[in-house]
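The basis for the numbers below is simple: all heavy atoms, side chains too, and nothing from hydrogens, waters or symmetry mates. Please read these numbers as outputs of a predicted model, since none were measured by experiment. Each chain gets a letter, A, B and so on, in the order its sequence line appears, and its residues count up from 1.
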Amino acid sequence: MSSSSLLKKKQNRSFVFWGIIFFIVISFCIGGLYYCTLKIDYTWRWYRVPQYFYYNSETKIESENTGIVDLINKKDTEIVITIIDDNGEVHQYSCLEKNVHIEIAKGDYVFKGDILLTYNKWKVGILLQGLWLTLKVSIIASLFGMVIGIFTGFARISSNPAFKWFAITYIEIIRGSPLLVQIFIWYFVLGTLINTLLTQYGLLLIPPLWFGIASLATFTGAYVAEIVRAGIQSINKGQTEASRSLGMTYVQSMTYIIFPQAFRRIIPPLAGQFISLVKDSSLLGIIAIRELTKATREVVTTSLQPFELWFVCAILYLVLTFTLSMLLQYLEKRMINS
Amino acid sequence: MIDVKNIYKTFFVPHRVDALVNVTAKIKAGEVVVIIGPSGSGKSTFLRCLNRLDTANKGNIFIDGIDVLHPSTNINLVRAEVGMVFQSFNLFPHKTVKENVSLAQQIVRKRPQKEYQEITMSLLKKVGIEDKKEVYPSQLSGGQQQRVAIARALAMNPKVMLFDEPTSALDPEMISEVLDVMKELAKDGMTMVVVTHEMGFAREVADRVIFMDQGSIVEVGTPEHFFKTPEHARTKLFLKQIL
Ligand SMILES: Nc1ncnc2c1ncn2[C@@H]1O[C@H](COP(=O)(O)OP(=O)(O)O)[C@@H](O)[C@H]1O
Ligand SMILES: [Mg+2]
């Protein structure tokens, strides 16, 4: 056997060895965790988790009157029950649900509070609602953050001192203070100010959700601005000179030549920033926005299954961030191919 | 065509450099002027001052009667009239060859599609690249890229073409294909200012040669004068080094 194939064999063996080590260590960690939970008598009840995503709830329709069931009318989608009370007044109950069970019959005498109809309906659980809110907040804040970031990024490299100083001030303030503090400022300071003023002028109040989104958007905007600035400055100066020497204006040179090239380089760090944003949205629970983390916390206090639920919560975030990173990778590939 | 009067250019970053010191030159329409000189003598800065990629600190520059340095001059109009070719090509890497040549016609000259397509194709033919029109610059050789860059500049119908060492970044076997295009252009009567170390080109095509050193024009003359009877000691030294 040649020495090169011997070397290859050795490399293969070492690959397999370390692969096995990896799986052993991982299994050991999981097994260890499980063993410890047994030690403290924790009972795992994974079957209780799905109900917080989607659950079947039974709804009852009760009679509000006392009288005789005069008519039960079943149309294609609607059921109408007519009750004539002791005073001879006619009351109608209608129901548009599917799978309705009728609990009374024509001619029955019903009392107030008697059950007329029951039906089962699937409802979205609190965890799924939280996941949806997290997604919604992240998407809206990303879009605004992107717009703010692009404008600020350009302002940052502008030769106009006012634009430049505004951009620097904004970026430094945002990057120099904790997001949690910014959320508080948006909610307790700016939120109070704005909503109090709105009340004085008799206008509608802005719900806390939007202050939460604003805090995330301005936070992300500052980081996006730095990413945009770095991306633009990474493009060779020769590109600007070539485009300007043809008579293009600054704006034309930016839109047709510099920014399209910079954008490709911006995508990977941008992906990282948006993934951070999804995770950072977990702080919004602090101002009573029931996103995924707050939803999990609420479920944990009622269900007393913290271990399962916190793992589920982490996995849901992972699903969101992983999907996002796949999406941006796809976008990046498509841009390179075009 | 080009009238440069006593211009100065000093850079202060990263440290003080007097790149141009009291430079005066006149270039007539249809003339081909070759600028030679050692590295750092201010040749590129001189070219870049002509279309205000660098702004001269003092003096006057007129191109076709337009005061380039006047604040109310629309510099983008001037630049469209002054083609520039760079040592490092600077093609737009995200655009095809065809788009490289047509983009500025579209957005600067605002030509209708039919017109700019025709001009683009005839220019690509002129520089011998028509078969690569759908290709991206990274798939071209250096010589081909530089020829596209020349076509891109010509597409604006410039009155003057500035070349800043157009062959210095090329492999030796590609130099002649670019020089041939430039010679063709000179023959067509284009006003050209060429910074180059290609003495063969200077001898063959130039009407005048300018020798620069340390930010100043040291000597001006015909190619004949330069290669046979240079006057200044610095010119002699430089020519001895490169010939
Ligand atoms: N943008 C710039 N900033 C600072 N110094 C510069 C800049 N451009 C050129 N210089 C300096 O000006 C001098 C002349 O440069 P340049 O015109 O490029 O010379 P050449 O093209 O003849 O080699 C050099 O000393 C160079 O370092
Ligand atoms: Mg130079």
Max heavy-atom pair count under 4.5 Å with chain A, selected residue of R52(B), K95(B), R48(B): R48(B)
OH/Y330(A): more than 12 non-hydrogen atoms of other groups inside 6.0 Å: no
Whether over 12 other heavy atoms sit under 6.0 Å from Y8(B) OH: yes
Enclosure of Y256(A) OH (heavy-atom neighbours >12, cutoff 6.0 Å): no
Q239(A) side-chain N/O to L91(B) backbone N/O, donor-acceptor pair under 3.5 Å: yes
Identify each donor-acceptor pair in which a side-chain atom of residues 142-154 of chain A lies under 3.5 Å from a protein atom, sequence neighbours left out, and give them as a table.
{"from": "S142(A)", "atom 1": "OG", "to": "S138(A)", "atom 2": "O", "distance (Å)": "2.6"}
{"from": "T152(A)", "atom 1": "OG1", "to": "I148(A)", "atom 2": "O", "distance (Å)": "2.6"}

Between CD1 on residue I107(B) and OG on residue S253(A), distance to nearest 0.5 Å: 8.5 Å
Heavy atoms of other groups near F11(B) CZ, more than 12 under 6.0 Å: yes
Atom pair OG/NZ of S88(B) and K237(A) - distance to nearest 0.5 Å: 12.5 Å
Separation of R244(A) CZ from N51(B) CG (nearest 0.5 Å): 10.5 Å
Minimum-distance pair of heavy atoms, taken over all atoms of M248(A) and A104(B): CE-CB, 4.3 Å
Residues, nucleotides or ligands: over 12 heavy atoms within 6.0 Å of Y170(A) OH: yes
Contacts of residues 149-168 of chain B with chain A (heavy atom under 4.5 Å): R152(B), A153(B), M156(B)
Interatomic spacing from CG in N90(B) to OG1 in T240(A) - rounded to 0.5 Å: 9.5 Å
Neighbourhood of chain A inside residues 138-145 of chain B, taking heavy atoms under 4.5 Å as contact: none
Contact class of L53(B) relative to chain A, heavy atoms under 4.5 angstrom: side chain
From L103(B) atom CG to I257(A) atom CD1, the distance as rounded to the nearest 0.5 Å: 5.0 Å
Using a 3.5 Å cut-off and no angle test, enumerate the donor-acceptor pairs between side-chain atoms of residues 127-134 of chain B and protein atoms at least two apart in sequence or in another chain.
{"from": "E134(B)", "atom 1": "OE2", "to": "K98(B)", "atom 2": "NZ", "distance (Å)": "3.2"}

Which atoms of F92(B) approach chain A - backbone, side chain, both or neither, heavy atom under 4.5 Å: both
Exam field: side chain H94(B) to backbone I258(A), donor-acceptor pair closer than 3.5 Å: no
